[in-house]
Amino acid sequence: MLFFIIKKFRNLYIWKRLFLERLAEPLHLNVISIFVAVFGTYRAKIAFDLILRQQHAFALLKAADYARMNRISKISVLEFGVANGAGLINICKICERLTKITGVEFVIVGFDTGKGMPPPRDFRDHPEYYSHCDFPMQNQDALRELLPENAKLWIGDVGTTVPEFLRTLEAPIGFVSIDVDYFWSTVEALRVLDGSPENYLPLVPMYIDDVEFDGHSIYAGELLALEEFNQEHPSRKITKFSFLRQKRIFQRPNWIDHTYTLHVFDHPSRDAALSNTGQVVLTNPYLK
């Protein structure tokens, strides 16, 4: 892990992000971060963005907490677009730690063609950014050997693997990462959200990767796929995570703008809430 971190810091992009997202924050928060890094709990380190790939750490902890609220002991975690697998391995390591502190178990699944991206179909796939055979999985066997027992790869066209996966689902889906670049690939990946409502948590954190380039918009790419999903699903909606930036200690990281939530409005827990006869009474200190 130390070698990996040192290698990352050789990248000028990492230093640019560190300057813009971290050092531009108040000095006292960065000083406190040092103490949290040394003495803090894993949950505190996630709050201070001290875990590698903060977007995964935040979303997976949130999913585990949602699962506990709904008395669910195991959830599925999906990554679409594995490439060489660094992100998937990172997810596995975070899930291992989160099981220890929350008790929630994870089934981790990575989807990929195994041979890079297919040819773009039209302008909606952003061919100006992404090309045929980009991001190949160079050593599938080596990656499989690194995966723990609770993680697996589904290799093949996502239009075929998603329906097959849903038929073998082991635990409700609690987190979904979409990093397939193309519009058409994202449409196919989002079909994993078409299952029975009990196949999901009522709220499912999502990470949508390819939304930040100047040319990205709701008229092409992953953002268009989200728009069409919302239009076609009256009981399932994908929205930006509500007020996430204001809830974070460090508010500049760009992963915040990649974080979304699937709202499963037809989830059984919502039906159960309709029969809730409890009463909430607000106090008024001005009344005697």
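Just so we're clear, the structure is a prediction, and the values are computed from it rather than from any experiment.
For the pair Lys152 and Glu170, the salt-bridge criterion is met [side-chain N within less than 4.0 Å of a carboxylate O]. For Lys93 and Glu96, the salt-bridge test fails: no basic side-chain N is under 4.0 Å from an acidic carboxylate O. Salt-bridge check for Asp65 with Arg43: passed, with a basic side-chain N closer than 4.0 Å to an acidic carboxylate O.
None of Leu50, Leu61, Ile94 except one satisfies the side-chain contact (heavy atoms from CB on, under 4.5 Å) rule with Tyr42; the exception is Ile94.
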Side chain to side chain donor-acceptor pair (under 3.5 Å) between Glu198 and His267, intermediate numbers included: CA-CA 6 Å; Glu198 62 273 11; His267 194 273; over 6 Å; no
Phe175 vs Glu79, side-chain contact (heavy atoms from CB on, under 4.5 Å): CA-CA, chis, key distance, verdict: CA-CA 8 Å; Phe175 170 65; Glu79 182 185 45; over 6 Å; no
Residue pair Arg245, Asp257: steps toward the side-chain contact (heavy atoms from CB on, under 4.5 Å) verdict: CA-CA 8 Å; Arg245 190 171 301 280; Asp257 292 322; 2.6 Å; yes
side-chain contact (heavy atoms from CB on, under 4.5 Å) between Cys95 and Leu60, worked out: CA-CA 7 Å; Cys95 288; Leu60 290 168; 4.0 Å; yes
Trace of the side-chain contact (heavy atoms from CB on, under 4.5 Å) decision for Asp181 with Met117: CA-CA 9 Å; Asp181 305 325; Met117 296 176 63; 3.1 Å; yes
Full working for ring pair (Phe, Tyr, Trp, His ring centres under 6.0 Å) between Phe213 and Tyr129: CA-CA 9 Å; Phe213 291 164; Tyr129 292 138; 4.7 Å; yes
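Side-chain contact between Leu244 and Trp255 is present, with at least one heavy-atom pair separated by less than 4.5 Å. Looking at Thr261 and Ser242, their side chains never come closer than 4.5 Å, going by heavy atoms from C-beta outward. In this structure, Leu223 and Thr186 have side chains that are not in contact, with every pair of non-hydrogen atoms separated by 4.5 Å or more. Two residues are said to be in side-chain contact when any heavy atoms from C-beta on lie closer than 4.5 Å; His263 and Thr239 meet this criterion. Side-chain contact between Gln279 and Val281 is present, with at least one heavy-atom pair separated by less than 4.5 Å. Within the 4.5 Å cutoff, the side chain of Leu203 has no heavy atoms near those of the Val264 side chain. You'll find the side chain of Phe229 stays beyond 4.5 Å of the side chain of Lys237, heavy atoms only. Contact check for Asn139 versus Leu143: no side-chain heavy atoms found under the 4.5 Å cut-off.
Although no hydrogens or angles enter the test, the distance criterion places no donor-acceptor pair under 3.5 Å between the side chain of Asp210 and the main chain of Gly221. No donor-acceptor distance shorter than 3.5 angstrom exists from the side chain of Thr259 to the backbone of Phe241, with no hydrogens or angles considered. Between the Glu25 side chain and the Gln251 main chain, a donor and an acceptor come within less than 3.5 Å of each other. Under a 3.5 Å cut-off, the side chain of Glu222 and the backbone N or O of Val180 do form a donor-acceptor pair. Asp125 places no side-chain N or O within donor-acceptor distance of the main-chain N or O of Pro120, the cut-off being under 3.5 Å. A donor-acceptor contact shorter than 3.5 Å links the side chain of Thr113 to the backbone of Gly116. Using modelled atom types, no side-chain atom of Asn199 and backbone atom of Pro172 make a donor-acceptor pair closer than 3.5 Å. Under a 3.5 Å cut-off, the side chain of Asp179 and the backbone N or O of Asp209 do not form any donor-acceptor pair. Judged by distance alone, with hydrogens and angles left aside, the side-chain atoms of Lys240 form no donor-acceptor pair with the main-chain N or O of Tyr260 at under 3.5 Å. Under a 3.5 Å cut-off, the side chain of Arg236 and the backbone N or O of Leu193 do form a donor-acceptor pair.
For the atom pair SG (Cys92) and CZ (Arg97), the distance works out to 15.0 Å, reported to the nearest 0.5 Å. If you take CG on Asp214 and NE2 on His216, they are separated by 9.5 Å, rounding to the nearest 0.5 Å. Here Tyr200 contributes atom OH and Asp266 contributes atom CG; the two are 9.5 Å apart, rounded to the nearest 0.5 Å. Distance check: Met137 CE to Leu88 CG gives 8.0 Å after rounding to the nearest 0.5 Å. Taken from CG in Asp157 to CG in Asp112, the straight-line distance is 11.0 Å, to the nearest 0.5 Å. Annotation: the span from Glu227 atom CD to Ile218 atom CD1 amounts to 4.5 Å, rounded to 0.5 Å.
A donor atom on one side chain and an acceptor atom on the other are not found under 3.5 Å apart for Ser177 and His56. Side chain to side chain, Ser33 and Arg22 meet the donor-acceptor criterion of an N or O pair below 3.5 Å. Side chains of His233 and Asp194: a donor on one and an acceptor on the other come within 3.5 Å.
Clustering ILVMFWY residues whenever any of their side-chain heavy atoms sit less than 4.5 angstrom apart, transitively, puts Tyr207 in a cluster other than the one holding Tyr182. One hydrophobic cluster, built from ILVMFWY side chains closer than 4.5 Å, holds both Leu262 and Met69. Tyr66 and Ile75 fall within the same hydrophobic cluster, defined by Ile, Leu, Val, Met, Phe, Trp and Tyr side-chain heavy atoms under 4.5 Å apart, directly or through other members. Both Val36 and Ile249 are assigned to one and the same hydrophobic cluster, defined by single-linkage of ILVMFWY side chains at heavy-atom distances under 4.5 Å. When hydrophobic clusters are built by joining Ile, Leu, Val, Met, Phe, Trp and Tyr residues whose side-chain heavy atoms come closer than 4.5 Å, directly or via intermediates, Phe48 is not grouped with Leu98.
Summarising the local packing, CZ of Phe265 is surrounded by more than 12 heavy atoms from other residues, nucleotides or ligands at distances under 6.0 Å. Within 6.0 Å of NZ on Lys247 lie more than 12 heavy atoms contributed by other residues, nucleotides or ligands.
Of all the heavy atoms in Arg252 and Ala24, the pair that sits closest is NE-CB, 3.5 Å. Residues Leu166 and Val192 approach most closely at CD2-O, 3.6 Å, considering heavy atoms. When all heavy atoms are compared, the tightest approach of Thr160 to Pro163 is O-CD, 3.3 Å. Between Leu224 and Tyr219, the shortest heavy-atom distance links the atoms CD2-O, 3.5 Å. Residues Pro205 and Ala63 come closest through the heavy atom pair CG-N, 4.1 Å. The nearest pair of heavy atoms linking Arg191 to Val162 is C-CG1, 3.8 Å.
Using the six-membered ring where Trp is involved, His126 and Tyr130 have ring planes that are perpendicular, over 60° apart on the 30 and 60° scheme. Taking the six-membered ring for Trp and thresholds of 30 and 60 degrees, Phe80 and Phe111 have nearly parallel ring planes, at less than 30 degrees apart.
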